[in-house]
Amino acid sequence: MRAFFEKAKRLNQRLNWSLLLGVGFFMLVIASVVRGTYWVSDWLVEHKDAQIKQLTVLGEPHYTKEADIIAAIKQVDLSSYFELDVQSVHSQVKALPWIAHVSVRKQWPDQLQVYVVEHTPVAVWNSDLLLNEHGEVFQAQSDLVSAQLPQLYGPEGSEQEAWQTFLQFKDMLDVNDFKLVSLALSERFAWQLWLDSGIRLNLGREKIAKRVQRFIDVYPKMRAPEGAAIDVIDLRYDIGLAVSWKYPQEQEQQSKSEA
């Protein structure tokens, strides 16, 4: 019986030590947290006036000058590193005409990094806007583009459909040595194509890919009247097509006589 009480006493002592160690560790953690909180508070007070002193523009802007990007960034208050509104910087830079995507990052102690990606123009939309490679419309100076861009026309909201259709027919025609330079979708969803030779193809609304293929198959067999050139080919038929001719020399002479 005595052995039992001694064993219980030793167990109780071990439990007391465990409890004391646990409480001691807990108090140490609390003290560390409190001390850390005071340290952070003191550090924030000490650095509350930290300013952005270095701006870095990353990416490879081609149409947008770096000075314009920096000017847009400086529209935002840069006087405090901690209070700087990153979203405002993003909005200011994104508002520049050629900018498609923006990423803004602060880097301690005094740096602001802005990464930009520009639109890649692939076509002119309705004469005064531009399309990027995703078929998204944006407004910028088209005269900055060195390459001759195709001209696309269509109702508002049809930009992506028009661009995908252009790519489809461009590939079909390129294989057969024709160059597509313009495309139009009417309000009634009828399609027209223009080739670099000046030929216009009326495709209508249905089976337009088959109608383009019909033009490709028939064109080598067509014979123009003397002095004539193809003006319009109407493919809006289930079978066959209709051709309108133009006479460039006669039109030129008429223009000279009217002048």
Open item on the list: Just checking Trp98 against Phe138, ring centres under 6.0 Å apart?
Closed with: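 Yes, close enough.
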
Task: Single hit among Ile73, Val86, Ile70 for side-chain contact (heavy atoms from CB on, under 4.5 Å) with Val114 - done: Ile73

Take atom [atom1] of [X] as the centre, draw a 6.0 Å sphere, and report whether it contains more than 12 heavy atoms from other residues, nucleotides or ligands.
| X | atom1 | answer |
| --- | --- | --- |
| Glu206 | CD | no |
| Glu60 | CD | no |
| Glu136 | CD | yes |
| Lys170 | NZ | no |
| Asp238 | CG | no |

[atom1]/[X] to [atom2]/[Y] distance, rounded to the nearest 0.5 angstrom?
| X | Y | atom1 | atom2 | result |
| --- | --- | --- | --- | --- |
| Thr56 | Gln111 | OG1 | CD | 5.5 Å |
| Ile230 | Phe215 | CD1 | CZ | 7.0 Å |
| Ile52 | Gln54 | CD1 | CD | 10.0 Å |
| Arg211 | Leu193 | CZ | CG | 12.0 Å |
| Tyr63 | Asp68 | OH | CG | 15.5 Å |
| Asp171 | Asn176 | CG | CG | 11.5 Å |

Open item on the list: Applying side chain to side chain contact (heavy atoms under 4.5 Å, CB included) to Lys74 and Leu55, what does each step give before you reach the verdict?
Closed with: CA-CA 10 Å; Lys74 289 184 175 179; Leu55 295 177; 4.1 Å; yes

[X] versus [Y], closest heavy-atom pair with distance:
| X | Y | value |
| --- | --- | --- |
| Pro61 | Ile69 | CG-CD1, 4.3 Å |
| Leu149 | Pro121 | CD2-O, 3.9 Å |
| Asn202 | Gln192 | OD1-OE1, 2.9 Å |
| Pro150 | Phe166 | CB-CZ, 3.4 Å |
| Ser158 | Gly154 | OG-C, 3.6 Å |
| Arg205 | Arg188 | CD-O, 2.7 Å |

Is [Y] reachable from [X] through a run of I, L, V, M, F, W or Y residues, each pair having side-chain heavy atoms under 4.5 Å apart?
| X | Y | result |
| --- | --- | --- |
| Ile199 | Leu241 | yes |
| Val218 | Tyr237 | no |
| Val93 | Val117 | no |
| Leu96 | Val57 | yes |
| Leu84 | Tyr81 | yes |

TODO: Answer yes if the side chains of Ser127 and Gln151 hold a donor-acceptor pair under 3.5 Å, and no otherwise.
DONE: no

- [ ] Could you check Met172 against Leu180 for side chain to side chain contact (heavy atoms under 4.5 Å, CB included), going step by step and ending with a plain yes or no?
- [x] CA-CA 10 Å; Met172 288 180 64; Leu180 180 60; over 6 Å; no

Task: Leu183 and Trp191: CA distance, side-chain angles, deciding distance, side chain to side chain contact (heavy atoms under 4.5 Å, CB included) verdict - done: CA-CA 7 Å; Leu183 171 150; Trp191 296 90; 3.4 Å; yes

Report yes if some heavy atom in the side chain of [X] is under 4.5 Å from a heavy atom in the side chain of [Y]; otherwise report no.
| X | Y | value |
| --- | --- | --- |
| Val232 | Trp245 | no |
| Ser197 | Phe178 | no |
| Thr64 | Ile99 | yes |
| Tyr153 | Leu185 | no |
| Leu195 | Lys179 | no |

TODO: Any chance you could lay out the ring-ring contact (aromatic ring centres under 6.0 Å, His included) test for Trp108 and Phe82, step after step, and finish with the verdict?
DONE: CA-CA 10 Å; Trp108 180 256; Phe82 294 104; 5.7 Å; yes

Task: Short side-chain to backbone donor-acceptor contact, Glu118 and His62, under 3.5 Å - done: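 Yes; judged by distance alone, with no hydrogens or angles, the pair exists.
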
- [ ] Determine yes or no for a side-chain-to-main-chain donor-acceptor pair under 3.5 angstrom, with Ser186 supplying the side chain and Ala190 the backbone.
- [x] yes

Task: Stepwise side chain to side chain contact (heavy atoms under 4.5 Å, CB included) test for Val104 and Leu112 - done: CA-CA 7 Å; Val104 182; Leu112 182 67; 3.7 Å; yes

